[in-house]
**Q** 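Submitted below is the structure of interest, expressed as structure tokens.
We number each residue from 1, following the sequence as shown.
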Amino acid sequence: SKGQHKTRKAVPKELEGKEVSSVDKTLADKLHLKLRKTKGNESVPYFRNERGFSSACIKHFKLGHRVFKNGGGDQYPYAAIPYIQNDETVDVKYRTLIKPPADEAEFKKWKKFKWRREGGGISALFNGDIITEEVDTIFITEAEMDCMSLWTQGYHNAVSVTVGAK
């Protein structure tokens with residue numbers, strides 16, 4: 001509304017003009033630990049069996065597991081896909097592990113919650129840290145899953161955009 005101004009915190013000179021993530025820098029490690037320590041979580045079979053990712057891929061990308069609760073106390077499991085820059089978590093994308101319902105109206109509701117992102121995260125290239133002067137070829141993929149599929153096949157010089165294609 002008119003006359004109201006939002007105040008912003010001062011930004012250090014070296015970060016001026018850059019997006020800054022407010023995501024916990026160690027969140028990827030925490031979610032990956034939860035994936036490894038939670039018996040019977042749905043994320044491991046999803047990454048291994050449905051996506052075909054190797055154990056090395058799961059470890060390299062620090063893939064994780066998280067459960068979100070709604071207001072009614074229902075629990076919803078999500079596979080966690082962290083975005084990491086310079087060894088710090090800058091965002092996390094979550095993919096629901098609940099199977100899509102057959103009912104069309106319910107499917108539309110489900111589709112809204114299929115993907116979600118961590119609040120305060122920034123849009124960044126997934127696996128973007130591989131871009132260096134030494135890399136002469138880079139594969140740009142539509143989604144993180146495609147990037148990790150290439151990585152599992154030995155193509156470690158792949159990146160993905162944050163929001164996929166429409």
**Q** So do the side chains of Lys93 and Glu144 get within less than 4.5 Å of each other, counting heavy atoms only?
**A** yes

**Q** Can you list everything that forms a side-chain contact (heavy atoms from CB on, under 4.5 Å) with Glu42? Sequence neighbours excluded, please.
**A** His65, Pro77, Leu97

**Q** Quick one: does any side-chain atom of Ser160 pair with a main-chain N or O of Ala143 as donor and acceptor, under 3.5 Å?
**A** yes

**Q** Could you tell me the separation between the CZ atom of Arg95 and the OG atom of Ser43, rounded to the nearest 0.5 Å?
**A** 10.5 Å

**Q** Specify the closest pair of heavy atoms between Phe47 and Gly64, including all atoms of both residues, with the distance to one decimal.
**A** CE1-O, 3.6 Å

**Q** Taking atom CD of Gln153 and atom NE2 of His156, what is their separation to the nearest 0.5 Å?
**A** 9.5 Å

**Q** Hey, any chance Phe68 and Leu27 share a hydrophobic cluster, counting ILVMFWY side chains that come within less than 4.5 Å of each other, even indirectly?
**A** yes

**Q** Using side-chain heavy atoms (C-beta onward) and a distance below 4.5 Å, is Lys62 in contact with Thr89?
**A** no

**Q** Atom OH in Tyr78, atom CH2 in Trp115: separation rounded to 0.5 Å?
**A** 10.5 Å

**Q** Do Ile122 and Gln85 come within less than 4.5 Å of each other through their side chains, counting heavy atoms only?
**A** yes

**Q** Is the closest side-chain heavy-atom distance between Val90 and Val23 below 4.5 Å?
**A** no

**Q** Are more than 12 heavy atoms, taken from residues, nucleotides or ligands other than Ile140, located less than 6.0 Å from that residue's CD1 atom?
**A** no

**Q** Step by step, work out the side chain to side chain contact (heavy atoms under 4.5 Å, CB included) result for Ile81 and Met145.
**A** CA-CA 9 Å; Ile81 305 159; Met145 300 301 185; 3.4 Å; yes

**Q** CD/Glu104 to NZ/Lys109 distance, rounded to the nearest 0.5 angstrom?
**A** 13.0 Å

**Q** With a 3.5 Å distance limit and no angle check, can you tell me whether Trp110 reaches the backbone of Ile98 through a side-chain donor-acceptor pair?
**A** yes

**Q** Find the distance between CZ (Arg48) and CD (Glu50) and round it off to the nearest 0.5 Å.
**A** 13.5 Å

**Q** Determine the minimum heavy-atom distance between Ala124 and Tyr83, stating which atoms define it.
**A** O-CE2, 3.1 Å

**Q** Might you point out which heavy atoms bring Pro82 and Ala28 nearest each other, and give the distance in Å?
**A** CB-CB, 3.5 Å

**Q** Step through the shown structure and confirm whether more than 12 heavy atoms of other residues, nucleotides or ligands are within 6.0 Å of CG on Asp103.
**A** yes

**Q** Which residues pass the side-chain contact (heavy atoms from CB on, under 4.5 Å) test with Gln75, sequence neighbours left out?
**A** Val67, Lys69

**Q** Report yes if the distance between the aromatic ring centroids of Phe113 and Tyr76 is under 6.0 Å, otherwise no.
**A** no

**Q** With respect to Tyr94, which candidate in Arg116, Arg117, Glu118 satisfies the side chain to side chain donor-acceptor pair (under 3.5 Å) definition?
**A** Glu118

**Q** Would Ile138 end up clustered with Trp151 when hydrophobic side chains under 4.5 Å apart are linked, directly or stepwise?
**A** no

**Q** Does Thr26 reach the main-chain N or O of Asp29 with its side chain, forming a donor-acceptor pair under 3.5 Å?
**A** no

**Q** By side-chain contact (heavy atoms from CB on, under 4.5 Å), which residues pair with Lys111, not counting sequence neighbours?
**A** Phe107

**Q** Tell me the closest heavy-atom pair linking Val135 and Ile130, and the distance in Å.
**A** CG2-O, 3.1 Å

**Q** Which atom pair, heavy atoms only, marks the closest approach of Phe126 to Cys147?
**A** CD2-SG, 3.8 Å

**Q** Would you say NZ of Lys34 has more than 12 non-hydrogen atoms from neighbouring residues, nucleotides or ligands within 6.0 angstrom?
**A** no

**Q** Answer yes if Ile58 and Val44 sit in the same cluster of Ile, Leu, Val, Met, Phe, Trp and Tyr residues linked by side chain heavy atoms under 4.5 Å apart, and no otherwise.
**A** yes

**Q** Mind running side chain to side chain contact (heavy atoms under 4.5 Å, CB included) on Met148 and Thr141 for me, showing each step along the way?
**A** CA-CA 10 Å; Met148 291 184 284; Thr141 64; over 6 Å; no

**Q** Taking all heavy atoms of Phe61 and all of Ile84, pick out the closest pair and write down the distance.
**A** O-CD1, 4.3 Å

**Q** State the CG-CG distance between Asn157 and Leu150, to the nearest 0.5 angstrom.
**A** 8.5 Å

